[in-house]
Amino acid sequence: MPGGELRLMTGYDALVEGSIIAGCRFFAGYPITPSTEIAERMSSRLPRVGGVFIQMEDELASIMAVIGASWAGLKSMTATSGPGFSLMQEGLGFAVITETPIVVVNVMRGGPSTGLVTLPSQGDVMQARWGSHGDYSVIALAPWSSQEMFNLAIKAFNLSEIYRNPVIVLSDEVVAHIREPVRIPPVEEIEIVERKRPSVPPTDFIPYLPEPGEWVSPMPAFGDGYNVLVESVMHDEFGHRIGMGQPIAERKIKRIYYKIEKNVDKIAMHEERELGDADIAVVSYGSAARSSLKAIKDARGLGIKVGMLRLITLWPFYDKLMEELSERVRAIVVPEMNMGKIVREVERASKGRCKVISVPKVGGVLHSPDEILSAIKFAAR
Amino acid sequence: MIQEEDFEHILAKKYMRTELMPHAFCSGCGIGIVERIILMAFEELGEEEWRRTVFVSGIGCSGWTPLYFRSDVAHTLHGRALPFATAVKLARPELNVIVIMGDGDAMAIGGNHLIHAARRNIGLTTIVVTNMVYSLTGGQVAPTTPEGAVTQTTPYGNIEPNFNLIELMKAAGATYLARWTTYHVMQAKNSVKKAIKHKGFSLVEIISQCPTFMGRYVLNKADPRDILQWFKENSVPIGVASSKSPEELKGKIIVGEFLHKPEVLEYTERIRMLKERIGR
Ligand SMILES: Cc1ncc(C[n+]2csc(CCOP(=O)(O)OP(=O)(O)O)c2C)c(N)n1
Ligand code: SF4
């Protein structure tokens, strides 16, 4: 696709095109509403750019396949929704412990279980962070428009390569199905991160030992002669299993945890709207932020000083940003399409410095701007 | 403690991560023989083949098999070696991708992946180590445990019939199939060699002794030599078996090469053809 133009695209289309520009050359998936359009477009696009598309037998297979393809040297991705994301959790942990860059898209739908098949939700934000067993950290991004589906697809691949970690794109049905203009920048404006390959000969290479000052080591591909051990069992810097080696296990777990958490100010992205003079803030993300924006405009019309902080990176959670915000405002209103999830993080980080008001919405519809407006009015009282 | 220089065997020195030894298997475990079968096959295939080989395994004692090989190795999740390996083959069709699984790994938790890898006829070489029991977890019933066997989870005797892996794979679409026991080292080595050279989906089942749990729960034989003797006495070559009645074959292990269809299109070949067709 030539760059430098404006195109009318669905969120799905934008996400696929962004991924391909980022260098994605492998997609494995299993159809599930409302994520299927991603697999469909990938099946038509990837073979034309020299990549591989495969429809696997299930989601357990899909996530394992994208991890395998990544170790074979390809940037790879899968996309799913609710139940499929649940099935992927064991594989997600495998990607984490083996420090494999992959991108997983979850077009969230309402649950539990088969739940609300085609309707939007933001119910999986905690599962994205804590879904697999054990201690680890992930990066999760929440787009709110077609443009961001494009931009964040590229960002997701870049971050996964930089941190050798899975990156989750938490989209929802509204953002995925919406059709909006997307600016495809000229190629020279797009930053694409390529995987760091080892520069030392195989005999000197230690696959899980970062250079001083680095969080991750370069990553060879299968067949390059590096004889790597991709080990799901707790392992040392060589990939050798350590049995009951507690100090080595602690070192590994802390590194994979902190490589994300300690870099939060490099990873975290957000957008502010009319926050300058605000004494009330709406903290929102994804499609719920679209309703929030309208509510803020309406509230401003009523003379209420309210602004919006839109979280683009949900995980790692940017505590410092929330701390600062909670010092500036009287109240934070958190509309999200679930029973109240990110609001817990907001409460935790704001440590009682201001009022925090949850505006939950479940059942598969967006908040109406009025619902959020009443919460803002309540906060302003 | 055994020292590294004690690992003098030529195959160990040449192909194994001797720094990880002694290995974790119980003494007398058949997995050592399986490792030897694979390394002997590579010794004959030559260094070039070894250098372009990736091993993928699942979880279980059998899953540990390739971890000692000085090669690219992925020790994945219980049952999930095949989808990982499928992607490696798709990304790098020029590599040999060898998948080693236990019988539970392959047929129980990973059964769906096994069927679909065979159906696609993707060029993976799979080696299933059948020890008729779940070993790593301490002797529970497996899809291959004989009926009546008392295991940790069948205290009143196993009431479930078994899979016949070879028949299952034939029906699913595999194009090279062989079965041997750890008693049949040379025959198994030849089949593994053939399987590696075979371009489609190949599977070699190796019935292997687990003196620790199969010995205790299935065969009532603790000495690995007795288990090997039992393998020898109860194996029937496929040629002989075809003239015997089902009653005569009850409880026997039918061994040999069951299927070889080199002409069937392999999956990555299909992908290459698709790309040519659409002009890429
Ligand atoms: C999802 C999951 N379930 C269960 C286990 C526990 N587990 C580890 S190995 C194993 C079975 C081992 O049997 P088999 O695959 O036949 O290999 P063997 O040890 O006999 O060689 C089980 C159930 C696991 N690791 N992961
Ligand atoms: S438990 Fe059985 S299969 Fe596992 S190492 Fe011991 S003998 Fe081998």
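Here the structure is a predicted model, which is why all the values come from computation and not from measurement. Letters go in sequence order (proteins before strands), and every chain restarts at 1.
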Checking heavy-atom separations under 4.5 Å from chain A, one finds in residues 77-87 of chain B B:Leu77, B:Arg80, B:Pro83, B:Phe84, B:Thr86, B:Ala87
Taken to the nearest 0.5 Å, the spacing of A:Ile67 CD1 from B:Thr76 OG1 works out to 9.0 Å
Under 4.5 Å to a heavy atom of chain B? For A:Phe238 that would be neither
For B:Glu167, does the CD atom have more than 12 heavy-atom neighbours from other residues, nucleotides or ligands under 6.0 Å away? yes
dist A:Ile54:CD1 -> B:Ile122:CD1 (nearest 0.5 Å) comes out at 6.0 Å
Step through the shown structure and confirm whether more than 12 heavy atoms of other residues, nucleotides or ligands are within 6.0 Å of CD on B:Glu276.
-> yes
Per-residue tally against chain B (heavy atom, under 4.5 Å) across A:Phe222, A:Phe94, A:Phe53 peaks at A:Phe222
Is atom NZ of B:Lys170 surrounded by more than 12 heavy atoms (other residues, nucleotides or ligands) closer than 6.0 Å?
yes
Heavy-atom side-chain proximity of A:Leu46 to B:Lys275 below 4.5 angstrom: no
- Query: With a 4.5 Å heavy-atom cut-off, do A:Glu231 and B:Val73 have their side chains touching?
  - Reply: no
**Message:** Do B:Arg92 and A:Trp71 form a cation-pi contact, if we require the NZ or CZ to be under 6.0 Å from the six-membered ring centre and within 45 degrees of the ring's axis?
**Reply:** no
So, the part of B:Arg119 with a heavy atom under 4.5 Å from chain A: the answer is neither
Okay, A:Leu74 and chain B: the region with an atom under 4.5 Å from a heavy atom over there is side chain
The interface call for B:Leu95 against chain A, heavy-atom contacts under 4.5 Å, is side chain
So, the part of B:Leu20 with a heavy atom under 4.5 Å from chain A: the answer is side chain
To the nearest 0.5 Å, atom CZ of A:Arg241 lies from atom NE2 of B:His75 at 9.0 Å
A:Tyr30, OH atom: more than 12 neighbouring heavy atoms under 6.0 Å:
no
*Could you tell me whether a side-chain N or O of B:Ser71 sits under 3.5 Å from a main-chain N or O of A:Asn227, the two making a donor and an acceptor?*
no
Value for CZ (B:Arg17) from CG (A:Leu229), rounded to nearest 0.5 Å, stands at 3.5 Å
Taking a cut-off of under 4.5 angstrom between non-hydrogen atoms, the residues of residues 50-61 of chain B near chain A are B:Val54, B:Ile59
Looking only at heavy atoms, the pair that brings A:Arg48 and B:Ile278 closest together is NH1-O, 3.3 Å
Note: A:Phe26 and B:Leu90 closest approach over all heavy atoms is CE1-CD1, 3.8 Å
Among A:Gly225, A:Gly73, A:Ser70, A:Gly51, the residue with the most heavy-atom pairs under 4.5 Å to chain B is A:Gly51
Exercise for the section: Using a cut-off of 6.0 Å, state whether more than 12 heavy atoms not belonging to B:Asn164 lie near its atom CG. Expected result: yes
Honestly, the part of B:Leu274 sitting under 4.5 Å from a heavy atom of chain A is side chain
Taking the side chain as every heavy atom from C-beta outward, state whether B:Glu19 and A:His240 have any atom pair closer than 4.5 Å. yes
